[in-house]
Amino acid sequence: MLRCVVLLKFCPDTAELTTDPDTGAPRLAAAPWRISTFDEHALEEAVRLRERHEAEIRTLSLVPESPPRELVLTALAMGADEACLVGDGSAGEADALATARVLTRALERLAPWDLILAGEGSLDQYRRQVGPRVAEELGIPSLTQVTRLEMEDGRVVAHRGLDDRTEVLECAPPALITVGQEINQPRLPPVLQILGAGRKPTTVWSPADLGLPAGTATADLSRVETLEVVAPPGERRRIPIEGETAEERAEVLARTLHREGSIPSR
Amino acid sequence: MNDRTGVLVFSERPDVARELLTLGRRLADDLDAPLVSLSMGESAAEEARDLLSRGVDRALAAAPAPPPEMPEEEAVLAVLRRAVTELAPTVVLVGATVCGIEVTARLAQGLGTGCLGECLDLRLEDGALIARRRVLGRFVATQRLAGDADSSPMLATVPPRQSEAPPCDSHRNGEVESLTVELPPVRVRRVETRARDEERVDLEGAEVVVGVGRGLARAEDLPLVAELARVLGGVVGATRPLTDDLAWLPTSSKIGLSGRTVKPRLYLACGISGQIEHLVGIREAEVVVAINRDPDAPIFQAADYVLVGDLYEMVPALTRAFEELRSR
């Protein structure tokens with residue numbers, strides 16, 4: 001039985017994020033949430049493994065507040081057997097160190113497992129630190145940039161795609177695997193399946209349930225502090241290039257770019 | 001200058017290690033402490049000598065070179081750990097390559113500390129490191145990592161191509177110091193390595209980049225875009241759907257959050273809708289021209305020049321116009 005835990009982050013959908021015109025700050029409270037893109041691929045990969053091996057899949061998420069119910073149901077409908085949530089209001093401010101520590105505690109409660117899968121980084125922060133940090137904390141191998149994952153004779157076989165090479169790594173489980181978008185195409189479930197997933201269990205823990213001192217906020221464990229988040233100045237000019245024909249417009253643009261020095265000389 | 005190592009710089013890529021020296025020197029001077037470099041691999045000694053000629057106060061070369069069946073990350077982590085233990089630096093700067101990001105995160109967790117990742121800029125203030133990095137797509141966060149009473153180093157990763165390497169000065173020399181590292185037993189075995197023989201375009205260094213997205217109907221139409229790039233002396237990049245899903249171009253051509261970042265003088269987005277994934281990769285272009293049939297495409301929010309139109313008309317027209325300009 002292949003026991004998989006997928007680290008799944010629910011986060012603001014950065015594609016739908018607007019800026020406060022006065023402060024330049026992101027309007028986080030107004031943004032819809034989604035499952036972090038790369039984590040969807042991680043969950044899908046667990047589901048694919050289950051097509052070939054007998055497996056159990058649980059998701060684990062650190063959430064600042066109850067995530068939208070339909071997102072949890074989506075994860076369950078995609079194929080997770082159980083969703084585990086660690087609820088902590090400060091989770092949004094937690095750095096990678098703190099996040100990894102709290103997730104590790106939860107993973108210890110979920111032990112034993114063979115594979116921990118995660119997206120290479122989150123959609124909103126994209127630090128690419130939490131996965132490797134969790135592996136380090138658990139004392140298990142960290143295999144990142146995995147583009148193909150197999151279990152062969154009980155061993156983990158991971159194909160990696162790197163800038164200058166591809167390689168194949170293998171090790172004994174348990175191991176932590178991080179994936180990008182190349183590994184698979186997530187099959188998002190139809191609405192009826194999402195609604196039906198409500199009968200699958202969801203477990204909710206507080207940090208205290210995981211043995212952290214009462215009143216500990218995840219963010220208290222952080223070492224990196226975020227002082228400010230703003231949209232950088234210098235928004236694009238958005239100048240329309242008009243003209244009757246494509247030729248005319250092309251000429252206008254070419255001349256404009258040339259005049260402003262945007263075309264490097266050959 | 002006190003003897004305690006101020007700043008340790010490292011990248012498993014020698015070109016990136018060289019780029020870290022300017023920032024490293026500034027921080028080391030702020031700390032009034034030495035700048036130390038670390039090199040590893042088969043050419044460690046040679047790279048260490050090069051770094052000495054570019055101004056580091058001490059250059060370490062790790063030995064032995066790791067066996068090929070040991071994954072690079074495992075070897076790098078072991079070497080970096082040993083160097084940190086040996087030198088007790090105040091600051092460690094690591095090149096933010098995929099390997100560097102992973103290894104520094106694991107090192108940081110082992111030390112129980114934080115890491116400022118992919119810093120756009122970095123400075124010391126009252127014993128803390130302050131840096132800015134991109135978050136939430138287009139936003140920039142300012143973050144702070146305090147120095148530690150129990151003297152864990154402050155860790156930061158810095159993306160490639162943010163600075164120029166300082167020049168070599170042959171008058172500067174010194175002794176390369178050997179750092180003997182006991183490599184851990186192989187727990188993860190690398191059983192196969194294959195160099196990517198696909199042509200890897202220099203996207204990061206290009207002055208002109210032409211990006212192509214799903215507006216292109218067929219792989220066979222790529223020459224249209226390639227021709228525009230050629231006339232401008234530029235290179236072609238693409239969005240995720242074209243590289244990862246359709247595989248019309250290798251993944252090394254992907255520009256975006258999970259791909260490469262370009263900072264050309266001129267970027268032309270052809271048939272690209274403008275998803276966040278891609279926009280993150282072109283933020284640093286000086287000028288962005290966008291061509292798309294859909295007037296509501298998000299790319300137009302991120303463009304300096306807006307051309308609503310069919311790329312099959314506009315791209316050849318632009319190619320002719322730039323060609324004409326060139327011949328004048």
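Every chain is numbered from 1 and lettered A, B, ... according to where its sequence line falls, protein lines coming before strand lines.
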S.K.: Quick one: which residues of residues 10-24 of chain A reach chain B at under 4.5 angstrom, heavy atoms only?
M.R.: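 Listed by number, the contacting residues are A:T14, A:A15, A:L17, A:T18, A:T19, A:G24.
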S.K.: Should B:T251 and A:E182 be marked as a side chain to side chain donor-acceptor pair (under 3.5 Å) after you check the CA-CA gap, both sets of side-chain angles, and the distance that decides it?
M.R.: CA-CA 9 Å; B:T251 51; A:E182 294 93 331; 5.1 Å; no
S.K.: Give, as side chain, backbone, both or neither, the part of A:E260 having an atom under 4.5 angstrom from any heavy atom of chain B.
M.R.: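 Contact with chain B involves the side chain of A:E260 alone.
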S.K.: Among A:T144, A:L143, A:D95, A:V134, which has the most heavy-atom pairs under 4.5 Å with chain B?
M.R.: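 Most heavy-atom pairs under 4.5 Å with chain B: A:T144.
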S.K.: Is it the case that atom NE2 in A:H258 sees more than 12 heavy atoms from other parts of the structure closer than 6.0 Å?
M.R.: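 No, NE2 of A:H258 has 12 or fewer neighbouring heavy atoms, counting only those of other groups under 6.0 Å.
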S.K.: At a heavy-atom distance under 4.5 Å, which candidate from A:A231, A:G261, A:P26, A:A25 has the highest pair count against chain B?
M.R.: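 The candidate making the most pairs under 4.5 Å is A:P26.
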S.K.: Examine whether an atom of A:E242 lies under 4.5 Å from a heavy atom of chain B, and if so say whether it belongs to the side chain, the backbone or both; otherwise answer neither.
M.R.: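 When you check distances to chain B, no heavy atom of A:E242 falls under 4.5 Å.
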S.K.: Pick whichever of B:V103, B:V135, B:T193 has the most heavy-atom pairs under 4.5 Å with chain A.
M.R.: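 Heavy-atom pair counts peak at B:T193.
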S.K.: Just so I understand: if I count every heavy-atom pair under 4.5 Å between each of B:G110, B:G137, B:A108 and chain A, which residue has the most?
M.R.: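 Sorted descending by pairs with chain A, the first entry is B:A108.
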S.K.: I'd like to check the side-chain contact (heavy atoms from CB on, under 4.5 Å) partners of B:E118; sequence neighbours left out, ordered by chain and number.
M.R.: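 Applying side-chain contact (heavy atoms from CB on, under 4.5 Å) to B:E118 gives A:R128, B:A96, B:I101, B:R133, B:T157, B:P159.
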S.K.: Contact part of A:E170 toward chain B, heavy-atom cut-off under 4.5 Å: side chain, backbone, both or neither?
M.R.: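 Both the backbone and the side chain of A:E170 come within 4.5 Å of chain B.
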S.K.: Using a 3.5 Å cut-off and no angle test, enumerate the donor-acceptor pairs between side-chain atoms of residues 307-316 of chain B and protein atoms at least two apart in sequence or in another chain.
M.R.:
unit_1 : atom_1 : unit_2 : atom_2 : d
B:D310 : OD1    : B:Y312 : N      : 2.9
B:Y312 : OH     : B:A217 : N      : 2.7
B:Y312 : OH     : B:D221 : OD2    : 2.5

S.K.: Tell me, out of A:H159, A:E228, A:R127, A:R238, who's got the most heavy-atom pairs with chain B below 4.5 Å.
M.R.: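 Among A:H159, A:E228, A:R127, A:R238, the one with the most close pairs to chain B is A:R238.
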S.K.: Checking A:R160 against chain B: side chain, backbone, both or neither under 4.5 Å from a heavy atom?
M.R.: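 Contact with chain B involves the side chain of A:R160 alone.
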S.K.: If you count every heavy atom of other residues, nucleotides or ligands that lies below 6.0 Å from B:R293 atom CZ, does the total exceed 12?
M.R.: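 Open: at most 12 neighbouring heavy atoms sit under 6.0 Å from CZ of B:R293.
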S.K.: Which bit of B:E277 is near chain A, if near means a heavy-atom gap under 4.5 Å: side chain, backbone, both or neither?
M.R.: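 Contact with chain A: side chain only.
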S.K.: Counting heavy-atom pairs under 4.5 Å with chain B, which one of A:I140, A:V156, A:L221 comes out on top?
M.R.: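 Heavy-atom pair counts peak at A:I140.
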S.K.: Which side-chain N or O atoms in residues 29-38 of chain A pair as donor and acceptor under 3.5 Å with protein atoms at least two apart or in another chain?
M.R.:
unit_1 : atom_1 : unit_2 : atom_2 : d
A:R34  : NH2    : A:E40  : OE1    : 3.4
A:R34  : NH2    : A:E40  : OE2    : 3.3
A:S36  : OG     : A:L123 : N      : 2.9

S.K.: Chain B: which of A:A172, A:P132, A:A175, A:G131 shares the most heavy-atom pairs with it under 4.5 Å?
M.R.: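 Of A:A172, A:P132, A:A175, A:G131, A:P132 has the most heavy-atom pairs under 4.5 Å with chain B.
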S.K.: Tell me whether B:R326 is salt-bridged to B:E323, with the criterion being a basic N under 4.0 Å from an acidic carboxylate O.
M.R.: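 Counted as a salt bridge, because a side-chain N and a carboxylate O are separated by less than 4.0 Å.
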